[in-house]
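Here is the structure we will look at.
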Amino acid sequence: MRPQRFETFVLELAQSNPQVGATTTLRDSGDTTYPYGLSVKLEGRDVRYQFIAQPRDGDRYDEPENVTEAERPFHPDAVPAAGLPEEQFMAGLVGRSGSPELLDVTV
């Protein structure tokens, strides 16, 4: 999943999560340091996430995206419990989404 689509995907997940307050893209919050990411109000604190990507071999961002599903999608029960609370939150949000495109979640 390319960063543009991943950003929209995670934004929608965060906006529908009851633990989250105001949520917007970094760009819409006025942060132009990174091209993709979110600003999330989490437990009363403003938390910022930057999204980066590594293209698959042969994938070119100047061509239309070829959406593929994982042969063995990530299992929602396998969300890692490591990392800071903010990292655990994002791992859980994405990992439990059930997206068939998701192959792995690491913290």
Side-chain angles (χ1 to χ4, degrees):
M1 189 179 303
R2 290 186 181 164
Q4 303 92 320
R5 205 160 55 82
F6 184 74
E7 181 182 68
T8 301
F9 170 68
V10 178
L11 177 66
E12 291 171 357
L13 291 173
Q15 288 174 332
S16 66
N17 187 297
Q19 289 182 275
V20 176
T23 304
T24 187
T25 65
L26 289 179
R27 193 173 38 263
D28 289 345
S29 74
D31 185 344
T32 58
T33 307
Y34 307 107
Y36 304 104
L38 295 184
S39 174
V40 176
K41 188 67 88 174
L42 186 60
E43 297 177 358
R45 295 177 298 125
D46 190 26
V47 180
R48 293 179 180 239
Y49 297 96
Q50 174 193 4
F51 302 142
I52 58 173
Q54 178 177 342
R56 292 185 305 256
D57 289 340
D59 188 24
R60 295 176 41 139
Y61 286 180
D62 61 344
E63 296 176 353
E65 182 177 11
N66 181 19
V67 177
T68 58
E69 294 184 0
E71 287 182 27
R72 300 182 80 185
F74 183 80
H75 195 281
D77 291 339
V79 172
L84 299 170
E86 298 84 358
E87 295 168 324
Q88 292 173 2
F89 169 78
M90 184 57 67
L93 187 70
V94 173
R96 291 185 182 95
S97 69
S99 171
E101 294 180 63
L102 193 58
L103 182 63
D104 193 16
V105 173
T106 58
V107 175

Which distance, rounded to the nearest 0.5 Å, do you find between the [atom1] of [X] and the [atom2] of [Y]?
X	Y	atom1	atom2	value
Thr24	Lys41	OG1	NZ	12.5 Å
Glu65	Gln4	CD	CD	7.5 Å
Thr8	Phe6	OG1	CZ	11.0 Å
Glu87	Thr106	CD	OG1	10.0 Å
Arg56	Thr68	CZ	OG1	4.0 Å
Leu13	Met90	CG	CE	9.0 Å

If we only count heavy atoms from C-beta on, is the [X] to [Y] side-chain gap below 4.5 Å?
X	Y	answer
Pro80	Val105	yes
Phe89	Val47	no
Val94	Val10	yes
Pro85	Glu43	no

Output yes when a side-chain donor or acceptor of [X] lies under 3.5 Å from a complementary backbone atom of [Y], and no otherwise.
X	Y	answer
Gln50	Gly37	no
Arg27	Pro35	yes
Tyr49	Val40	no
Thr23	Gly21	yes

Between [X] and [Y], which heavy-atom pair has the shortest distance, and what is it?
X	Y	result
Gln88	Ala82	CG-O, 3.2 Å
Met1	Ser99	CE-OG, 4.1 Å
Ser39	Asp46	OG-OD1, 2.8 Å
Ala14	Val20	O-CB, 3.4 Å
Gly95	Phe74	O-CD2, 3.6 Å
Ser97	Leu102	OG-CD2, 4.5 Å

message = Could you check whether atom CG of Asp57 has more than 12 heavy atoms from other residues, nucleotides or ligands sitting under 6.0 Å from it?
response = no
remark   = Sorted by chain and number, sequence neighbours left out, side chain to side chain donor-acceptor pair (under 3.5 Å) with Thr25 holds for Asp28
query = Under the salt bridge (Lys or Arg N to Asp or Glu O under 4.0 Å) test, which residues partner Glu101, sequence neighbours left out?
reply = Arg5
inquiry  = Determine whether Thr33 and Leu26 satisfy the following criterion, side-chain contact (heavy atoms from CB on, under 4.5 Å), listing intermediate values before the conclusion.
reply    = CA-CA 8 Å; Thr33 307; Leu26 289 179; over 6 Å; no
